[in-house]
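When reading the values below, keep in mind they use all heavy atoms of this one structure, side chains included, and skip hydrogens, waters and symmetry mates.
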Amino acid sequence: MLRHSALALLLALFPISGCFAKSDCLVDNFQVKENFNKTRYTGKWYGFAKKDPQGLFLESNIHADFRIENGTMIAKATGLVTLLPEWIVCAEMMGTFNDTANPAKFKLKYWGAAEHLQKGNDDHWIIDTDYDNYAITYTCRKLYENGTCADSYSFVFARSPEGLTYDTQRIVRKWQEHICLAYKYKRILQTDSCP
């Protein structure tokens with residue numbers, strides 16, 4: 001009886017552990033959200049943690065509003081950014097998420113309202129989300145010849161400005177490991193400084 005219970009437990013856990021198998025860090029092998037639904041993703045998300053790319057980027061009090069216009073997902077993100085040592089401002093960035101063959105992989109065209117902020121046209125992937133509590137995104141701007149990423153950024157979003165529960169953070173940490181960014185994130189401060 002005990003042997004059958006142990007076998008049943010192993011079989012039940014097998015599909016879960018397969019989702020988080022050790023990554024080889026090849027970007028093309030990263031899993032993304034299966035059957036991603038951009039309509040469910042719309043609404044307000046608060047930055048919980050981020051892994052920055054090279055260059056100037058939003059720093060804290062980050063929140064993003066996603067909506068769909070003419071079938072295309074668009075977003076406006078707001079956050080604090082330091083332009084000069086004593087010049088910290090609330091800045092806005094806009095983005096258009098152009099569809100690809102995979103519903104969780106987009107071509108993100110983005111630009112800042114201030115000319116000092118970055119602009120670009122990056123691959124932007126929704127790694128995972130439950131739509132109601134958390135989302136983790138990933139972008140690789142430049143690949144090494146071996147297929148691993150040379151310049152990436154990633155966000156962990158929460159639906160609530162209060163952040164994520166401990167159990168949700170455990171799920172997110174597994175995905176951070178999967179995309180080879182474990183321990184590379186900084187918490188995003190939320191103090192209502194940028195409405």
Side-chain angles (χ1 to χ4, degrees), residues 23 25-81 83 89-144 147-159 172 175-176 178-181 184-186 188 194:
S23 178
C25 295
L26 297 176
V27 174
D28 285 344
N29 292 343
F30 291 167
Q31 296 175 21
V32 295
K33 176 68 177 176
E34 200 172 328
N35 301 315
F36 176 70
N37 183 326
K38 62 186 176 185
T39 301
R40 289 185 63 198
Y41 193 74
T42 58
K44 190 162 195 166
W45 289 96
Y46 295 87
F48 177 76
K50 66 188 176 91
K51 188 273 179 190
D52 287 330
Q54 298 169 7
L56 187 61
F57 217 61
L58 297 178
E59 296 163 2
S60 65
N61 290 281
I62 298 168
H63 55 89
D65 290 292
F66 291 83
R67 65 185 192 280
I68 295 175
E69 283 187 8
N70 300 320
T72 300
M73 190 164 70
I74 61 173
K76 179 177 86 170
T78 305
L80 284 177
V81 64
L83 298 178
V89 298
C90 284
E92 291 183 348
M93 295 192 75
M94 278 62 78
T96 301
F97 296 77
N98 294 305
D99 294 336
T100 68
N102 186 320
K105 294 183 177 184
F106 297 90
K107 270 308 240 193
L108 170 60
K109 182 177 181 183
Y110 62 94
W111 61 97
E115 63 182 53
H116 304 291
L117 292 173
Q118 294 191 14
K119 59 183 175 183
N121 192 24
D122 296 338
D123 291 322
H124 185 86
W125 298 353
I126 310 298
I127 298 297
D128 194 39
T129 183
D130 68 353
Y131 303 102
D132 299 319
N133 299 293
Y134 75 93
I136 180 167
T137 68
Y138 176 80
T139 294
C140 180
R141 291 178 163 173
K142 182 180 177 185
L143 286 172
Y144 287 118
T148 61
C149 193
D151 181 21
S152 66
Y153 63 91
S154 176
F155 279 98
V156 175
F157 286 111
R159 282 292 190 192
V172 166
W175 285 110
Q176 289 170 333
H178 173 70
I179 58 176
C180 300
L181 293 178
K184 295 187 179 178
Y185 289 77
K186 296 178 193 170
I188 297 173
C194 291

Between F97 and F66, is the gap from one ring center to the other below 6.0 Å?
->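 That pair passes the under 6.0 Å test.
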Is the F48 to F157 ring centre distance short of 6.0 Å?
-> no
Got N35 and P103 here, is their nearest side-chain heavy-atom distance under 4.5 Å?
->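 Sidechains of P103 and N35: no contact.
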Report yes if some heavy atom in the side chain of W125 is under 4.5 Å from a heavy atom in the side chain of K33; otherwise report no.
-> no
Would you name the heavy atoms of D122 and R141 that are closest together and state the gap between them?
-> OD2-NE, 3.3 Å
Taking all atoms of both residues into account, what is the closest heavy-atom pair of I136 and Q176, and its distance?
->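 That closest heavy-atom pairing would be CD1-CG, 3.7 Å.
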Mark yes or no for whether H63, through its side chain, and C194, through its backbone, hold a donor-acceptor pair below 3.5 Å.
-> yes
Check for a donor-acceptor pair, side chain of T100 on one end and backbone N or O of K105 on the other, with a separation under 3.5 Å.
-> yes
State the OG-NZ distance between S60 and K50, to the nearest 0.5 angstrom.
-> 8.0 Å
Begin with the C-alpha distance, continue with both residues' side-chain angles, and end with the deciding distance and a verdict on side chain to side chain contact (heavy atoms under 4.5 Å, CB included) for Y46 and R159.
-> CA-CA 6 Å; Y46 295 87; R159 282 292 190 192; 6.0 Å; no
Please lay out, stage by stage, how D99 and K38 fare under the test salt bridge (charged side-chain N to carboxylate O under 4.0 Å, His left out).
-> CA-CA 10 Å; D99 294 336; K38 62 186 176 185; 3.0 Å; yes
Distance-only polar pair, side chains of Y110 and N121, donor-acceptor under 3.5 Å |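 Looking only at side-chain atoms, N121 and Y110 do not form any donor-acceptor pair under 3.5 Å.
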Do other residues, nucleotides or ligands put more than 12 heavy atoms under 6.0 Å from K76 NZ?
->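 Open.
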Side-chain ion pair, D123 and K107, N-O less than 4.0 Å |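 Yes, this pair counts.
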